[in-house]
Protein chains: 2
Amino acid sequence: MSRSDEHEQEFLAAYDPRAFPPFAVTVDVVLLTVREGRLCVLLVERDTHPFRGGLALPGGFVQADEDLDTAAVERLENETGVRRDVAHVEQLGAFGDPHRDPRMRVVSVAYLVFAPDLPAPRPGSRVRSVQWVPVEDVDAARLAFDHDAVLAAGVERARAKLEYSPVATAFCGEEFTVAELRHVYEAVWGVPLDPRNFHRKTTGTPGFLVPVGSPAPVGPGGGRPAALYRRGSAALLHPAMLRPQRED
Amino acid sequence: MSRSDEHEQEFLAAYDPRAFPPFAVTVDVVLLTVREGRLCVLLVERDTHPFRGGLALPGGFVQADEDLDTAAVERLENETGVRRDVAHVEQLGAFGDPHRDPRMRVVSVAYLVFAPDLPAPRPGSRVRSVQWVPVEDVDAARLAFDHDAVLAAGVERARAKLEYSPVATAFCGEEFTVAELRHVYEAVWGVPLDPRNFHRKTTGTPGFLVPVGSPAPVGPGGGRPAALYRRGSAALLHPAMLRPQRED
DNA sequence: CAGGTGCTCGTCACTCTGACGACAACCTAC
DNA sequence: GTAGGTTGTCGTCAGAGTGACGAGCACCTG
(Lines give C-alpha, C1' and ligand atoms only; values in the text may rest on other atoms or scores of the structure.)
Protein backbone atom coordinates (compact mmCIF):
# COMPACT_ATOMS: atom_id res chain seq x y z
CA MET A 1 0.00 0.00 0.00
CA SER A 2 1.51 3.31 -1.08
CA ARG A 3 1.47 6.03 1.50
CA SER A 4 -0.19 9.19 0.24
CA ASP A 5 0.42 12.62 1.78
CA GLU A 6 -2.90 12.32 3.49
CA HIS A 7 -1.97 9.04 5.03
CA GLU A 8 1.37 10.41 6.00
CA GLN A 9 -0.29 13.21 7.89
CA GLU A 10 -2.53 10.81 9.74
CA PHE A 11 0.41 8.57 10.41
CA LEU A 12 2.33 11.37 12.01
CA ALA A 13 -0.74 12.57 13.86
CA ALA A 14 -0.81 9.19 15.53
CA TYR A 15 2.10 10.34 17.67
CA ASP A 16 0.42 13.45 18.91
CA PRO A 17 0.22 12.79 22.64
CA ARG A 18 -2.95 14.85 22.95
CA ALA A 19 -4.79 12.43 20.69
CA PHE A 20 -3.06 9.28 21.89
CA PRO A 21 -1.97 9.64 25.48
CA PRO A 22 1.03 7.41 26.31
CA PHE A 23 0.50 4.50 28.67
CA ALA A 24 2.89 2.08 30.26
CA VAL A 25 1.80 -1.55 29.95
CA THR A 26 2.80 -4.18 32.45
CA VAL A 27 2.05 -7.83 33.04
CA ASP A 28 1.29 -9.22 36.48
CA VAL A 29 1.24 -12.92 37.19
CA VAL A 30 -0.99 -14.72 39.66
CA LEU A 31 1.00 -17.93 40.02
CA LEU A 32 -0.95 -20.49 42.02
CA THR A 33 0.17 -23.81 43.35
CA VAL A 34 -0.89 -26.30 46.00
CA ARG A 35 1.56 -26.82 48.86
CA GLU A 36 0.82 -28.93 51.90
CA GLY A 37 -2.84 -29.03 51.07
CA ARG A 38 -3.23 -25.29 50.74
CA LEU A 39 -3.69 -23.03 47.74
CA CYS A 40 -0.71 -20.68 47.61
CA VAL A 41 0.23 -17.68 45.52
CA LEU A 42 3.73 -16.47 44.71
CA LEU A 43 4.43 -13.00 46.07
CA VAL A 44 7.55 -10.87 45.88
CA GLU A 45 8.80 -8.29 48.30
CA ARG A 46 9.49 -5.16 46.31
CA ASP A 47 12.84 -3.45 46.52
CA THR A 48 11.98 -0.43 44.40
CA HIS A 49 9.72 2.57 44.47
CA PRO A 50 6.74 2.59 44.70
CA PHE A 51 5.60 0.27 47.47
CA ARG A 52 9.18 -0.55 48.41
CA GLY A 53 9.11 -3.30 51.00
CA GLY A 54 5.52 -4.17 50.16
CA LEU A 55 4.27 -7.45 48.78
CA ALA A 56 3.25 -7.68 45.17
CA LEU A 57 2.55 -10.10 42.38
CA PRO A 58 5.53 -10.80 40.16
CA GLY A 59 5.46 -8.92 36.89
CA GLY A 60 6.99 -6.10 34.97
CA PHE A 61 6.87 -3.82 32.00
CA VAL A 62 6.11 -5.13 28.57
CA GLN A 63 8.86 -4.34 26.13
CA ALA A 64 8.28 -2.52 22.87
CA ASP A 65 8.30 -5.54 20.58
CA GLU A 66 7.07 -8.14 23.03
CA ASP A 67 3.80 -10.02 22.88
CA LEU A 68 1.72 -9.90 26.07
CA ASP A 69 1.67 -13.66 26.57
CA THR A 70 5.39 -13.85 25.93
CA ALA A 71 6.06 -11.07 28.40
CA ALA A 72 4.09 -12.85 31.10
CA VAL A 73 5.87 -16.14 30.57
CA GLU A 74 9.22 -14.38 30.37
CA ARG A 75 8.81 -12.51 33.67
CA LEU A 76 7.56 -15.68 35.24
CA GLU A 77 10.47 -17.75 34.08
CA ASN A 78 12.99 -15.12 35.13
CA GLU A 79 11.60 -14.76 38.60
CA THR A 80 10.62 -18.30 39.44
CA GLY A 81 12.14 -20.73 36.98
CA VAL A 82 8.73 -22.09 36.02
CA ARG A 83 8.88 -23.31 32.45
CA ARG A 84 5.85 -22.75 30.33
CA ASP A 85 5.45 -26.41 29.49
CA VAL A 86 4.91 -27.49 33.08
CA ALA A 87 2.23 -24.94 33.74
CA HIS A 88 -1.10 -23.66 32.55
CA VAL A 89 -1.11 -20.01 31.48
CA GLU A 90 -4.14 -17.91 30.63
CA GLN A 91 -4.95 -14.25 30.51
CA LEU A 92 -6.97 -13.00 33.43
CA GLY A 93 -7.83 -9.51 32.23
CA ALA A 94 -6.70 -5.91 32.12
CA PHE A 95 -6.57 -3.60 35.11
CA GLY A 96 -6.33 0.05 34.25
CA ASP A 97 -7.59 2.32 36.98
CA PRO A 98 -6.03 5.75 36.29
CA HIS A 99 -4.47 5.88 39.74
CA ARG A 100 -3.43 2.29 40.26
CA ASP A 101 0.21 3.30 39.94
CA PRO A 102 1.30 6.56 41.56
CA ARG A 103 4.10 7.11 39.05
CA MET A 104 2.24 7.22 35.80
CA ARG A 105 -0.66 5.86 33.83
CA VAL A 106 -0.26 2.10 33.71
CA VAL A 107 -2.49 -0.61 32.30
CA SER A 108 -1.61 -4.02 33.63
CA VAL A 109 -2.56 -7.23 31.88
CA ALA A 110 -2.89 -9.95 34.48
CA TYR A 111 -2.14 -13.59 33.83
CA LEU A 112 -3.21 -16.64 35.76
CA VAL A 113 -0.74 -19.51 35.98
CA PHE A 114 -1.14 -22.93 37.58
CA ALA A 115 1.94 -24.96 38.40
CA PRO A 116 2.76 -28.05 40.43
CA ASP A 117 4.64 -27.63 43.68
CA LEU A 118 8.01 -26.27 42.64
CA PRO A 119 11.50 -25.97 44.05
CA ALA A 120 11.98 -22.84 46.13
CA PRO A 121 11.96 -19.75 43.92
CA ARG A 122 14.93 -17.40 43.92
CA PRO A 123 14.57 -13.62 44.14
CA GLY A 124 15.13 -11.86 40.83
CA SER A 125 16.17 -8.31 40.14
CA ARG A 126 14.48 -5.42 41.95
CA VAL A 127 13.08 -7.92 44.45
CA ARG A 128 14.10 -8.56 48.05
CA SER A 129 12.48 -11.94 48.50
CA VAL A 130 10.09 -14.37 46.88
CA GLN A 131 7.68 -16.47 48.87
CA TRP A 132 4.71 -18.76 48.63
CA VAL A 133 1.80 -17.46 50.68
CA PRO A 134 -1.43 -19.37 51.30
CA VAL A 135 -4.14 -17.27 49.72
CA GLU A 136 -6.15 -17.46 52.93
CA ASP A 137 -3.29 -15.77 54.78
CA VAL A 138 -2.70 -12.94 52.32
CA ASP A 139 -3.35 -9.57 53.89
CA ALA A 140 -5.11 -7.98 50.95
CA ALA A 141 -4.72 -4.49 52.35
CA ARG A 142 -0.94 -4.79 52.28
CA LEU A 143 -0.57 -5.72 48.64
CA ALA A 144 0.94 -3.15 46.31
CA PHE A 145 -1.07 -1.39 43.60
CA ASP A 146 -4.44 -3.06 43.02
CA HIS A 147 -2.95 -6.51 43.37
CA ASP A 148 -5.56 -7.43 45.94
CA ALA A 149 -8.22 -7.19 43.25
CA VAL A 150 -6.03 -9.03 40.74
CA LEU A 151 -5.40 -11.85 43.18
CA ALA A 152 -9.07 -12.10 44.08
CA ALA A 153 -9.99 -12.30 40.42
CA GLY A 154 -7.39 -14.98 39.85
CA VAL A 155 -8.52 -17.14 42.74
CA GLU A 156 -12.14 -16.85 41.75
CA ARG A 157 -11.30 -17.69 38.14
CA ALA A 158 -9.34 -20.71 39.31
CA ARG A 159 -12.20 -21.95 41.45
CA ALA A 160 -14.66 -21.61 38.62
CA LYS A 161 -12.35 -23.12 36.05
CA LEU A 162 -11.85 -26.36 37.95
CA GLU A 163 -15.53 -27.02 37.49
CA TYR A 164 -15.68 -27.25 33.76
CA SER A 165 -12.12 -27.77 32.60
CA PRO A 166 -9.37 -30.26 33.36
CA VAL A 167 -6.85 -27.60 34.34
CA ALA A 168 -6.59 -28.97 37.85
CA THR A 169 -4.14 -31.45 36.38
CA ALA A 170 -1.76 -28.53 35.84
CA PHE A 171 -1.25 -28.45 39.60
CA CYS A 172 -0.04 -32.06 39.51
CA GLY A 173 3.04 -33.59 37.96
CA GLU A 174 3.12 -35.40 34.67
CA GLU A 175 1.66 -38.50 36.30
CA PHE A 176 -0.55 -38.39 39.35
CA THR A 177 -3.09 -40.31 41.36
CA VAL A 178 -6.77 -39.59 41.74
CA ALA A 179 -6.14 -38.68 45.37
CA GLU A 180 -3.54 -36.08 44.40
CA LEU A 181 -6.01 -34.55 42.00
CA ARG A 182 -8.66 -34.59 44.68
CA HIS A 183 -6.33 -32.77 47.07
CA VAL A 184 -6.00 -30.05 44.43
CA TYR A 185 -9.75 -29.60 44.21
CA GLU A 186 -10.06 -29.59 47.98
CA ALA A 187 -7.32 -27.00 48.37
CA VAL A 188 -8.63 -24.67 45.68
CA TRP A 189 -12.26 -24.94 46.69
CA GLY A 190 -11.58 -25.18 50.39
CA VAL A 191 -14.04 -28.00 50.93
CA PRO A 192 -13.60 -31.74 51.56
CA LEU A 193 -14.79 -34.05 48.80
CA ASP A 194 -15.95 -37.64 49.02
CA PRO A 195 -13.09 -39.81 47.72
CA ARG A 196 -15.39 -42.44 46.27
CA ASN A 197 -17.62 -40.10 44.34
CA PHE A 198 -14.62 -38.08 43.19
CA HIS A 199 -12.98 -41.22 41.89
CA ARG A 200 -16.10 -42.29 40.06
CA LYS A 201 -16.55 -38.85 38.57
CA THR A 202 -13.01 -38.20 37.38
CA THR A 203 -12.37 -41.65 35.97
CA GLY A 204 -15.81 -41.70 34.38
CA THR A 205 -15.66 -38.36 32.59
CA PRO A 206 -14.47 -39.02 29.04
CA GLY A 207 -11.13 -37.44 28.16
CA PHE A 208 -10.28 -36.26 31.66
CA LEU A 209 -7.87 -38.96 32.82
CA VAL A 210 -5.86 -41.53 30.92
CA PRO A 211 -4.63 -44.53 32.95
CA VAL A 212 -0.90 -45.10 32.76
CA GLY A 213 -0.23 -48.69 31.80
CA SER A 214 2.73 -49.02 34.16
CA PRO A 215 2.02 -50.58 37.54
CA ALA A 216 0.92 -48.68 40.61
CA PRO A 217 3.58 -46.81 42.61
CA VAL A 218 4.49 -47.09 46.27
CA GLY A 219 2.26 -45.89 49.06
CA PRO A 220 3.94 -43.48 51.47
CA GLY A 221 2.37 -44.24 54.84
CA GLY A 222 0.32 -47.32 54.16
CA GLY A 223 -2.78 -48.01 52.19
CA ARG A 224 -3.44 -49.66 48.89
CA PRO A 225 -1.23 -48.19 46.17
CA ALA A 226 -3.10 -45.92 43.79
CA ALA A 227 -3.23 -46.15 40.04
CA LEU A 228 -1.41 -43.50 38.05
CA TYR A 229 -3.03 -41.29 35.45
CA ARG A 230 -2.06 -38.65 32.94
CA ARG A 231 -4.13 -35.76 31.77
CA GLY A 232 -6.50 -36.71 28.97
CA SER A 233 -7.19 -34.84 25.76
CA ALA A 234 -10.48 -33.21 26.73
CA ALA A 235 -10.45 -29.41 26.82
CA LEU A 236 -13.78 -29.23 28.61
CA LEU A 237 -15.39 -31.54 31.14
CA HIS A 238 -18.75 -33.02 30.16
CA PRO A 239 -20.56 -33.12 32.42
CA ALA A 240 -18.99 -30.47 34.61
CA MET A 241 -17.71 -31.18 38.09
CA LEU A 242 -19.72 -28.81 40.25
CA ARG A 243 -18.42 -27.73 43.59
CA PRO A 244 -20.79 -28.37 46.46
CA GLN A 245 -22.97 -25.31 46.93
CA ARG A 246 -23.23 -23.91 50.39
CA GLU A 247 -26.78 -23.94 51.63
CA ASP A 248 -28.34 -20.81 53.07
CA MET B 1 5.60 9.33 52.58
CA SER B 2 8.34 11.93 52.02
CA ARG B 3 10.11 11.78 48.71
CA SER B 4 13.83 11.32 49.16
CA ASP B 5 16.34 12.13 46.42
CA GLU B 6 16.56 8.47 45.72
CA HIS B 7 12.85 8.20 45.24
CA GLU B 8 12.88 11.29 43.10
CA GLN B 9 15.44 9.72 40.82
CA GLU B 10 13.39 6.61 40.47
CA PHE B 11 10.31 8.67 39.91
CA LEU B 12 11.94 10.53 37.07
CA ALA B 13 13.43 7.37 35.71
CA ALA B 14 9.90 6.11 35.26
CA TYR B 15 9.59 8.37 32.26
CA ASP B 16 12.65 7.05 30.51
CA PRO B 17 11.16 5.58 27.33
CA ARG B 18 13.90 2.97 27.17
CA ALA B 19 12.74 1.46 30.46
CA PHE B 20 9.02 2.05 29.96
CA PRO B 21 8.17 1.98 26.27
CA PRO B 22 5.06 4.06 25.49
CA PHE B 23 1.91 2.25 24.39
CA ALA B 24 -1.38 3.49 23.11
CA VAL B 25 -4.36 1.89 24.81
CA THR B 26 -7.71 1.51 23.12
CA VAL B 27 -11.04 -0.08 23.93
CA ASP B 28 -12.97 -2.14 21.40
CA VAL B 29 -16.56 -3.12 21.95
CA VAL B 30 -18.23 -6.33 20.81
CA LEU B 31 -21.84 -5.21 21.01
CA LEU B 32 -24.17 -8.15 20.46
CA THR B 33 -27.91 -8.16 20.03
CA VAL B 34 -30.57 -10.46 18.65
CA ARG B 35 -32.44 -9.20 15.61
CA GLU B 36 -34.96 -11.26 13.67
CA GLY B 37 -33.83 -14.40 15.39
CA ARG B 38 -30.14 -13.95 14.58
CA LEU B 39 -27.20 -13.00 16.72
CA CYS B 40 -25.81 -9.74 15.36
CA VAL B 41 -22.76 -7.62 16.06
CA LEU B 42 -22.41 -3.89 15.58
CA LEU B 43 -19.71 -3.01 13.06
CA VAL B 44 -18.55 0.36 11.79
CA GLU B 45 -17.10 1.23 8.44
CA ARG B 46 -13.89 3.11 9.08
CA ASP B 47 -13.28 6.49 7.51
CA THR B 48 -9.71 6.94 8.70
CA HIS B 49 -6.31 5.38 8.25
CA PRO B 50 -5.55 2.56 8.78
CA PHE B 51 -8.06 0.14 7.25
CA ARG B 52 -10.03 3.03 5.77
CA GLY B 53 -13.23 1.62 4.28
CA GLY B 54 -12.83 -1.61 6.22
CA LEU B 55 -15.19 -2.95 8.84
CA ALA B 56 -14.23 -2.81 12.48
CA LEU B 57 -15.60 -3.02 15.97
CA PRO B 58 -16.52 0.32 17.49
CA GLY B 59 -13.93 1.65 19.88
CA GLY B 60 -11.27 4.24 20.38
CA PHE B 61 -8.38 5.51 22.40
CA VAL B 62 -8.54 5.64 26.15
CA GLN B 63 -7.98 9.14 27.46
CA ALA B 64 -5.32 9.96 30.01
CA ASP B 65 -7.57 10.14 33.06
CA GLU B 66 -10.23 7.71 31.96
CA ASP B 67 -11.05 4.36 33.49
CA LEU B 68 -11.14 1.45 31.05
CA ASP B 69 -14.74 0.51 31.80
CA THR B 70 -15.79 4.13 31.54
CA ALA B 71 -14.00 4.51 28.23
CA ALA B 72 -15.77 1.48 26.80
CA VAL B 73 -19.20 2.66 27.90
CA GLU B 74 -18.45 6.16 26.70
CA ARG B 75 -17.43 5.11 23.18
CA LEU B 76 -20.41 2.81 23.06
CA GLU B 77 -22.86 5.50 24.06
CA ASN B 78 -21.35 8.02 21.66
CA GLU B 79 -21.49 5.69 18.71
CA THR B 80 -24.73 3.83 19.30
CA GLY B 81 -26.81 5.56 21.95
CA VAL B 82 -26.87 2.44 24.10
CA ARG B 83 -27.14 3.48 27.72
CA ARG B 84 -25.24 1.44 30.22
CA ASP B 85 -28.33 0.64 32.25
CA VAL B 86 -30.09 -1.20 29.44
CA ALA B 87 -27.14 -3.41 28.69
CA HIS B 88 -24.73 -5.88 30.20
CA VAL B 89 -21.08 -4.84 30.02
CA GLU B 90 -18.08 -6.99 30.87
CA GLN B 91 -14.43 -7.00 30.00
CA LEU B 92 -13.44 -9.57 27.43
CA GLY B 93 -9.66 -9.34 27.62
CA ALA B 94 -6.61 -7.54 26.32
CA PHE B 95 -5.25 -7.92 22.81
CA GLY B 96 -1.71 -6.73 22.38
CA ASP B 97 0.08 -8.30 19.48
CA PRO B 98 2.99 -6.00 18.66
CA HIS B 99 1.84 -5.61 15.06
CA ARG B 100 -1.91 -5.50 15.47
CA ASP B 101 -1.90 -1.83 14.54
CA PRO B 102 0.43 -0.73 11.73
CA ARG B 103 0.79 2.78 13.16
CA MET B 104 2.21 2.11 16.58
CA ARG B 105 2.22 -0.21 19.53
CA VAL B 106 -1.34 -0.52 20.73
CA VAL B 107 -2.90 -2.65 23.43
CA SER B 108 -6.64 -2.93 23.08
CA VAL B 109 -8.91 -3.87 25.93
CA ALA B 110 -11.98 -5.54 24.49
CA TYR B 111 -15.41 -5.32 26.06
CA LEU B 112 -18.42 -7.52 25.55
CA VAL B 113 -21.83 -5.85 25.65
CA PHE B 114 -25.29 -7.39 25.37
CA ALA B 115 -28.22 -5.16 24.51
CA PRO B 116 -31.81 -5.63 23.42
CA ASP B 117 -32.75 -4.85 19.84
CA LEU B 118 -32.17 -1.14 19.51
CA PRO B 119 -33.20 1.71 17.25
CA ALA B 120 -30.93 2.10 14.25
CA PRO B 121 -27.52 3.39 15.31
CA ARG B 122 -26.15 6.59 13.81
CA PRO B 123 -22.61 6.91 12.51
CA GLY B 124 -20.29 8.80 14.84
CA SER B 125 -17.10 10.67 14.08
CA ARG B 126 -14.43 9.09 11.89
CA VAL B 127 -16.99 6.51 10.76
CA ARG B 128 -18.73 6.18 7.41
CA SER B 129 -21.56 3.90 8.49
CA VAL B 130 -22.74 1.73 11.34
CA GLN B 131 -24.53 -1.55 10.77
CA TRP B 132 -25.76 -4.67 12.46
CA VAL B 133 -24.27 -7.77 10.89
CA PRO B 134 -25.30 -11.33 11.74
CA VAL B 135 -22.21 -12.95 13.20
CA GLU B 136 -22.64 -15.86 10.81
CA ASP B 137 -22.33 -13.47 7.87
CA VAL B 138 -19.23 -11.60 9.07
CA ASP B 139 -16.31 -12.06 6.74
CA ALA B 140 -13.61 -12.45 9.37
CA ALA B 141 -10.83 -11.87 6.87
CA ARG B 142 -12.14 -8.39 6.09
CA LEU B 143 -12.21 -7.07 9.61
CA ALA B 144 -9.65 -4.44 10.57
CA PHE B 145 -6.80 -5.11 12.99
CA ASP B 146 -7.29 -8.37 14.88
CA HIS B 147 -10.97 -7.77 15.29
CA ASP B 148 -11.75 -11.18 13.87
CA ALA B 149 -10.13 -12.74 16.92
CA VAL B 150 -11.82 -10.27 19.26
CA LEU B 151 -15.21 -11.00 17.76
CA ALA B 152 -14.66 -14.74 17.93
CA ALA B 153 -13.69 -14.48 21.58
CA GLY B 154 -16.74 -12.39 22.31
CA VAL B 155 -19.15 -14.77 20.62
CA GLU B 156 -17.65 -17.76 22.33
CA ARG B 157 -17.76 -16.00 25.69
CA ALA B 158 -21.41 -15.12 25.11
CA ARG B 159 -22.30 -18.71 24.25
CA ALA B 160 -20.59 -20.01 27.35
CA LYS B 161 -22.01 -17.33 29.60
CA LEU B 162 -25.61 -18.09 28.77
CA GLU B 163 -25.11 -21.49 30.31
CA TYR B 164 -24.34 -20.49 33.85
CA SER B 165 -25.52 -16.91 34.18
CA PRO B 166 -28.79 -15.08 33.60
CA VAL B 167 -27.25 -12.53 31.21
CA ALA B 168 -29.47 -13.68 28.38
CA THR B 169 -32.08 -11.40 29.93
CA ALA B 170 -29.88 -8.46 28.90
CA PHE B 171 -30.89 -9.17 25.29
CA CYS B 172 -34.55 -8.68 26.24
CA GLY B 173 -36.43 -5.63 27.36
CA GLU B 174 -37.32 -4.86 30.93
CA GLU B 175 -40.20 -7.32 30.79
CA PHE B 176 -40.24 -10.32 28.50
CA THR B 177 -41.85 -13.67 27.91
CA VAL B 178 -40.25 -17.08 28.26
CA ALA B 179 -40.48 -17.47 24.50
CA GLU B 180 -38.54 -14.26 23.91
CA LEU B 181 -35.85 -15.50 26.23
CA ARG B 182 -35.82 -18.82 24.45
CA HIS B 183 -35.36 -17.08 21.10
CA VAL B 184 -32.28 -15.41 22.57
CA TYR B 185 -30.78 -18.74 23.55
CA GLU B 186 -31.62 -20.23 20.19
CA ALA B 187 -30.07 -17.31 18.32
CA VAL B 188 -26.87 -17.24 20.37
CA TRP B 189 -26.36 -20.99 20.42
CA GLY B 190 -27.69 -21.58 16.94
CA VAL B 191 -29.78 -24.57 17.97
CA PRO B 192 -33.52 -25.06 18.48
CA LEU B 193 -34.67 -25.73 22.03
CA ASP B 194 -37.73 -27.55 23.28
CA PRO B 195 -40.21 -24.88 24.43
CA ARG B 196 -41.67 -27.05 27.17
CA ASN B 197 -38.40 -28.09 28.74
CA PHE B 198 -37.07 -24.55 28.40
CA HIS B 199 -40.11 -23.21 30.17
CA ARG B 200 -39.79 -25.72 32.98
CA LYS B 201 -36.10 -25.02 33.36
CA THR B 202 -36.17 -21.23 33.37
CA THR B 203 -39.20 -20.84 35.58
CA GLY B 204 -37.90 -23.54 37.92
CA THR B 205 -34.39 -22.20 38.44
CA PRO B 206 -34.46 -20.09 41.61
CA GLY B 207 -33.69 -16.41 41.08
CA PHE B 208 -33.70 -16.52 37.29
CA LEU B 209 -37.15 -15.16 36.48
CA VAL B 210 -39.62 -13.18 38.53
CA PRO B 211 -43.23 -13.24 37.33
CA VAL B 212 -44.75 -9.83 36.75
CA GLY B 213 -48.03 -9.59 38.57
CA SER B 214 -49.72 -7.66 35.80
CA PRO B 215 -51.83 -9.72 33.40
CA ALA B 216 -50.55 -11.35 30.26
CA PRO B 217 -50.01 -9.16 27.17
CA VAL B 218 -51.41 -9.49 23.67
CA GLY B 219 -50.40 -12.22 21.28
CA PRO B 220 -49.14 -10.96 17.90
CA GLY B 221 -50.32 -13.58 15.43
CA GLY B 222 -52.44 -15.86 17.52
CA GLY B 223 -51.76 -18.26 20.33
CA ARG B 224 -52.25 -18.15 24.03
CA PRO B 225 -50.87 -14.96 25.56
CA ALA B 226 -47.67 -15.49 27.48
CA ALA B 227 -46.91 -14.47 31.03
CA LEU B 228 -44.44 -11.66 31.56
CA TYR B 229 -41.29 -11.92 33.62
CA ARG B 230 -38.50 -9.72 34.85
CA ARG B 231 -34.94 -10.73 35.50
CA GLY B 232 -34.47 -12.22 38.96
CA SER B 233 -31.76 -11.51 41.45
CA ALA B 234 -29.58 -14.56 40.86
CA ALA B 235 -26.08 -13.84 39.59
CA LEU B 236 -25.44 -17.47 38.70
CA LEU B 237 -27.76 -20.22 37.53
CA HIS B 238 -27.95 -23.30 39.71
CA PRO B 239 -28.12 -25.70 38.14
CA ALA B 240 -26.64 -24.42 34.91
CA MET B 241 -28.52 -24.49 31.64
CA LEU B 242 -26.31 -26.58 29.41
CA ARG B 243 -26.49 -26.23 25.66
CA PRO B 244 -27.14 -29.47 23.84
CA GLN B 245 -23.82 -31.06 23.01
CA ARG B 246 -23.26 -32.08 19.44
CA GLU B 247 -22.63 -35.77 19.16
CA ASP B 248 -19.62 -37.05 17.25
C1' DC C 1 -1.23 -62.08 62.24
C1' DA C 2 -4.15 -58.10 63.77
C1' DG C 3 -5.37 -53.68 62.98
C1' DG C 4 -4.84 -49.25 60.47
C1' DT C 5 -4.90 -46.63 56.18
C1' DG C 6 -6.12 -45.39 51.79
C1' DC C 7 -7.83 -47.06 46.99
C1' DT C 8 -11.57 -48.86 44.31
C1' DC C 9 -16.06 -50.84 43.23
C1' DG C 10 -21.22 -51.17 44.37
C1' DT C 11 -25.74 -49.82 45.90
C1' DC C 12 -29.67 -46.88 46.52
C1' DA C 13 -32.52 -42.90 46.63
C1' DC C 14 -33.01 -38.61 44.73
C1' DT C 15 -32.69 -34.89 41.22
C1' DC C 16 -32.37 -33.30 36.75
C1' DT C 17 -33.08 -33.90 31.86
C1' DG C 18 -34.83 -34.97 27.08
C1' DA C 19 -38.69 -36.44 24.60
C1' DC C 20 -43.20 -36.11 24.17
C1' DG C 21 -48.63 -35.94 25.12
C1' DA C 22 -52.27 -33.03 26.39
C1' DC C 23 -54.81 -29.07 27.44
C1' DA C 24 -55.48 -23.88 27.72
C1' DA C 25 -56.09 -19.53 25.57
C1' DC C 26 -55.69 -16.78 22.03
C1' DC C 27 -56.17 -15.88 16.71
C1' DT C 28 -58.46 -15.96 11.80
C1' DA C 29 -61.54 -17.93 8.29
C1' DC C 30 -65.87 -19.37 7.00
C1' DG D 1 -70.57 -19.18 16.19
C1' DT D 2 -67.86 -22.84 14.98
C1' DA D 3 -63.68 -25.02 13.01
C1' DG D 4 -59.04 -25.12 12.75
C1' DG D 5 -54.41 -23.11 13.51
C1' DT D 6 -50.95 -21.21 16.76
C1' DT D 7 -48.58 -20.62 20.90
C1' DG D 8 -48.17 -21.08 26.06
C1' DT D 9 -48.23 -24.08 30.05
C1' DC D 10 -48.60 -28.30 32.74
C1' DG D 11 -47.70 -33.48 33.17
C1' DT D 12 -45.63 -37.92 32.44
C1' DC D 13 -41.95 -41.16 31.97
C1' DA D 14 -37.53 -43.27 31.21
C1' DG D 15 -32.64 -42.54 31.60
C1' DA D 16 -28.47 -40.11 33.21
C1' DG D 17 -26.01 -38.06 36.99
C1' DT D 18 -25.14 -37.31 41.98
C1' DG D 19 -24.68 -37.54 47.16
C1' DA D 20 -24.33 -40.61 50.80
C1' DC D 21 -22.99 -44.36 52.16
C1' DG D 22 -21.21 -49.89 52.65
C1' DA D 23 -17.75 -53.09 51.68
C1' DG D 24 -13.81 -55.42 49.94
C1' DC D 25 -8.90 -54.84 48.30
C1' DA D 26 -3.95 -54.03 48.91
C1' DC D 27 -0.68 -52.08 51.13
C1' DC D 28 1.51 -50.64 55.75
C1' DT D 29 3.26 -51.13 60.87
C1' DG D 30 3.43 -53.40 65.36
Side-chain angles (χ1 to χ4, degrees), chain A residues 37 162-164 172 175-186 189 191-229 234 236-247, chain B residues 37 162-164 172 175-186 189 191-229 234 236-247:
Chain A
L162 291 208
E163 290 196 326
Y164 58 88
C172 301
E175 300 184 344
F176 52 88
T177 68
V178 173
E180 287 169 5
L181 187 63
R182 177 165 49 84
H183 294 322
V184 169
Y185 274 88
E186 290 175 329
W189 286 349
V191 295
L193 299 174
D194 184 283
R196 296 158 292 187
N197 290 337
F198 185 86
H199 187 276
R200 176 182 60 188
K201 176 71 175 162
T202 51
T203 56
T205 299
F208 194 2
L209 300 183
V210 177
V212 173
S214 67
V218 298
R224 174 175 170 175
L228 281 179
Y229 294 87
L236 251 30
L237 299 184
H238 269 291
M241 182 139 133
L242 300 177
R243 47 188 150 169
Q245 48 214 333
R246 55 182 181 187
E247 39 238 76
Chain B
L162 291 208
E163 290 196 327
Y164 59 90
C172 303
E175 300 184 345
F176 51 88
T177 67
V178 174
E180 285 169 6
L181 187 63
R182 177 165 48 86
H183 293 324
V184 168
Y185 274 87
E186 290 176 330
W189 286 348
V191 295
L193 298 174
D194 185 285
R196 295 156 295 186
N197 291 335
F198 186 86
H199 187 277
R200 176 182 60 188
K201 175 72 176 158
T202 51
T203 57
T205 299
F208 194 3
L209 300 183
V210 177
V212 173
S214 67
V218 298
R224 175 175 169 176
L228 281 179
Y229 293 87
L236 250 31
L237 300 184
H238 269 291
M241 186 143 128
L242 300 176
R243 48 188 148 167
Q245 47 215 335
R246 53 182 183 187
E247 36 239 80

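The shown structure was predicted, so the numbers you read here are calculated from the model rather than taken from an experiment. Chain letters run A, B, ... following the sequence lines, proteins first, then strands; residues in each count from 1.
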Rounded to the nearest 0.5 Å, how far apart are [atom1] of [X] and [atom2] of [Y]?
X	Y	atom1	atom2	value
B/Y229	B/L181	OH	CG	11.0 Å
B/H199	B/L193	NE2	CG	14.0 Å
B/L242	A/H238	CG	NE2	7.0 Å

Notebook entry, point to check: Is the distance from OP1 or OP2 of C/dC23 to the nearest side-chain N or O of B/R224 less than 4.0 Å?
Noted result: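 Answer no for this pair, as no side-chain N or O of B/R224 is under 4.0 Å from OP1 or OP2.
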
Spacing of [X] atom [atom1] relative to [N] atom [atom2], expressed in whole Å:
X	N	atom1	atom2	result
A/E180	C/dG6	CD	P	14 Å
A/E186	C/dG6	CD	P	12 Å
B/R243	C/dC16	CZ	C1'	19 Å
B/F198	D/dT7	CZ	C1'	15 Å
B/L193	D/dG8	CG	P	14 Å
A/H238	C/dT17	NE2	P	14 Å
B/H199	C/dG18	NE2	C1'	17 Å
A/L237	D/dG17	CG	C1'	15 Å

Notebook entry, point to check: For A/H183 and B/K201, take the nucleotide of DNA chain C holding the closest heavy atom to each; which residue's nucleotide lies nearer the 5' end?
Noted result: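 On the 5' side of the pair lies A/H183.
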
Check: Taking for each residue the nucleotide of DNA chain C bearing the nearest heavy atom, is the 5' side occupied by A/T203 or by B/L242?
Finding: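 Closest to the 5' end, via its nearest nucleotide, is A/T203.
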
Next item on the list: Give a yes or no on whether the backbone of B/G37 and the side-chain of B/E186 come within a donor-acceptor separation of less than 3.5 Å.
Entry: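 Not a single qualifying donor-acceptor pair exists.
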
Produce the list of close N/O pairs, under 3.5 Å, pairing protein atoms with atoms of nucleotides 10-15 of chain C; give distances to one decimal.
{"unit_1": "C/dT11", "atom_1": "O4", "unit_2": "A/R200", "atom_2": "NH1", "d": "3.3"}

Note to self: For a side-chain contact (heavy atoms from CB on, under 4.5 Å) check, start with the C-alpha distance between B/K201 and B/N197, then their side-chain angles and the critical distance, and finish with the verdict.
What the structure shows: CA-CA 6 Å; B/K201 175 72 176 158; B/N197 291 335; over 6 Å; no

Next item on the list: Would you name the heavy atoms of A/E163 and A/L237 that are closest together and state the gap between them?
Entry: O-CD1, 4.0 Å

Check: B/F208 vs B/Y185 aromatic rings, parallel, tilted or perpendicular, using cut-offs 30° and 60°?
Finding: perpendicular

